[in-house]
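Reckoned from all heavy atoms, side chains included, excluding hydrogens, waters and symmetry mates.
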Amino acid sequence: MADMYEATYIAMLEDTTDQIRENERRAFDTAIAKLRLAQELGRGTRESVEALLFVNRLWTILLEDLADQGNGLPDALKAGLISIGIWILRRAEDIRQGRVNDFLALIEVSETIRRGLGKQDHVHSFEAR
């Protein structure tokens with residue numbers, strides 16, 4: 001009987017991890033689409049403001065999760081993702097302030113992370129708990 005409960009619990013955890021990963025993929029898909037539109041229409045447009053706000057919210061949530069002691073990702077991976085997140089937030093602010101005029105670097109980094117989330121083997125969700 002205990003084995004049945006353990007198997008059910010493990011299946012629930014796997015489903016939860018899969019759902020978290022899928023949510024992260026969708027969030028990055030949305031960010032990338034917004035950034036591409038902002039690149040096309042230019043800095044200072046309503047779309048660019050929306051893209052920057054979305055990216056800022058996304059990475060604020062991710063950074064909070066990565067810094068949480070309950071996050072089970074390996075420390076080196078967490079540190080790398082935190083560094084990327086800080087860079088993204090700074091780059092977004094540079095665009096907002098007019099110090100940088102294009103979104104290409106944000107798009108490329110976001111696409112790289114999204115591709116990593118899409119891999120089925122050796123993939124860690126940001127919220128590995």
Side-chain angles (χ1 to χ4, degrees):
M1 189 72 132
D3 289 338
M4 181 178 73
Y5 289 121
E6 185 177 344
T8 301
Y9 179 72
I10 289 170
M12 286 174 34
L13 285 177
E14 288 173 354
D15 288 345
T16 301
T17 300
D18 289 345
Q19 186 59 51
I20 290 168
R21 190 174 302 133
E22 180 58 31
N23 290 344
E24 291 168 348
R25 283 191 289 262
R26 280 198 309 261
F28 274 94
D29 288 343
T30 300
I32 292 163
K34 287 180 177 292
L35 290 168
R36 285 181 179 153
L37 184 59
Q39 176 66 25
E40 180 182 324
L41 299 177
R43 192 187 76 73
T45 61
R46 179 177 57 83
E47 291 81 4
S48 71
V49 171
E50 289 176 5
L52 293 173
L53 284 173
F54 187 88
V55 167
N56 191 301
R57 280 189 230 126
L58 173 61
W59 277 97
T60 298
I61 291 166
L62 294 174
L63 287 170
E64 287 173 3
D65 182 65
L66 289 164
D68 187 286
Q69 290 189 3
N71 186 301
L73 287 177
D75 288 342
L77 180 57
K78 282 194 289 191
L81 290 168
I82 288 169
S83 293
I84 290 168
I86 291 168
W87 179 86
I88 285 177
L89 292 176
R90 286 182 181 155
R91 183 65 170 215
E93 181 62 15
D94 286 344
I95 293 170
R96 192 184 73 75
Q97 294 289 329
R99 292 185 290 264
V100 175
N101 288 314
D102 74 55
F103 296 77
L104 292 175
L106 289 178
I107 294 167
E108 290 172 7
V109 171
S110 296
E111 288 174 337
T112 300
I113 292 171
R114 171 57 180 90
R115 279 192 302 275
L117 288 170
K119 294 178 183 174
Q120 295 304 313
D121 296 329
H122 311 301
V123 172
H124 299 282
S125 164
F126 282 92
E127 190 175 323
R129 294 180 185 205

| request: Determine yes or no for a side-chain-to-main-chain donor-acceptor pair under 3.5 angstrom, with Ser110 supplying the side chain and Leu106 the backbone. | output: yes

| message | Between Val49 and Val100, is there shared hydrophobic-cluster membership here, with clusters defined by ILVMFWY side-chain heavy atoms closer than 4.5 Å? | response | no

| Gap separating the CD atom of Glu64 from the CG atom of Asn71, nearest 0.5 angstrom | 12.5 Å

| said: Quick check: is Leu73 connected to Ile86 through a chain of hydrophobic side chains (ILVMFWY, heavy atoms under 4.5 Å apart)? | reply: yes

| message | Can you tell whether the side chains of Arg46 and Glu50 come within less than 4.0 Å, N to carboxylate O? | response | yes

| request: First locate atom CG of Leu53, then atom CG of Leu58, and finally report the distance between them rounded to the nearest 0.5 Å. | output: 12.5 Å

| field | Arg96 with Glu93: basic N within carboxylate O range, under 4.0 Å | value | yes

| message | Nearest 0.5 Å, please: how far is OG1 in Thr60 from CG in Asp65? | response | 12.5 Å

| Heavy-atom pair with the smallest gap, counting every atom of Gly98 and Asn101 | O-OD1, 4.1 Å

| Under the salt bridge (charged side-chain N to carboxylate O under 4.0 Å, His left out) test, residues paired with Asp102 that sit two or more places apart | none

| field | Backbone N/O of Ala38 and side chain of Glu47: donor-acceptor pair under 3.5 Å | value | no

| message | Set out, in order, the CA-CA distance, both residues' side-chain angles and the distance that settles side-chain contact (heavy atoms from CB on, under 4.5 Å) for Val109 and Trp87, then state yes or no. | response | CA-CA 10 Å; Val109 171; Trp87 179 86; 3.8 Å; yes

| task | Decide whether Val55 and Ile82 are clustered together by the hydrophobic rule: side chain heavy atoms of Ile, Leu, Val, Met, Phe, Trp, Tyr closer than 4.5 Å, transitively. | result | yes

| said: Salt bridge check, Lys78 against Asp75: does any charged N sit closer than 4.0 Å to a carboxylate O? | reply: yes

| So with a 6.0 Å cut-off around CZ of Arg90, is the heavy-atom count from everything else above 12? | no

| remark: Output for pair (Lys34 NZ, Ile107 CD1), nearest 0.5 Å, gives 13.5 Å

| request: Indicate whether any N or O donor in one side chain lies under 3.5 Å from an N or O acceptor in the other, for Thr112 and Arg115. | output: yes

| message | To the closest 0.5 Å, what do you measure between CD1 (Ile61) and CD (Glu24)? | response | 11.0 Å

| Can you hop from Phe103 to Leu37 via hydrophobic side chains spaced under 4.5 Å? | no

| said: Would the distance check show the side chain of Arg25 and the main-chain N or O of Leu117 forming a donor-acceptor pair, the cut-off being under 3.5 Å? | reply: yes

| Test side chain to side chain donor-acceptor pair (under 3.5 Å) applied to Arg26 and Asn23, Asp29, Thr30, the passing residue | Asn23

| Where Trp59 and Leu81 come nearest, the two heavy atoms and their spacing | CZ3-O, 3.7 Å

| Note: Glu111-Arg36 ion pair, threshold 4.0 Å (strictly below) | yes

| field | Cluster overlap Leu41 with Leu35, hydrophobic side-chain contacts below 4.5 Å | value | no

| message | Using 0.5 Å steps for rounding, measure from the CZ atom of Arg99 to the CZ atom of Arg43. | response | 10.0 Å

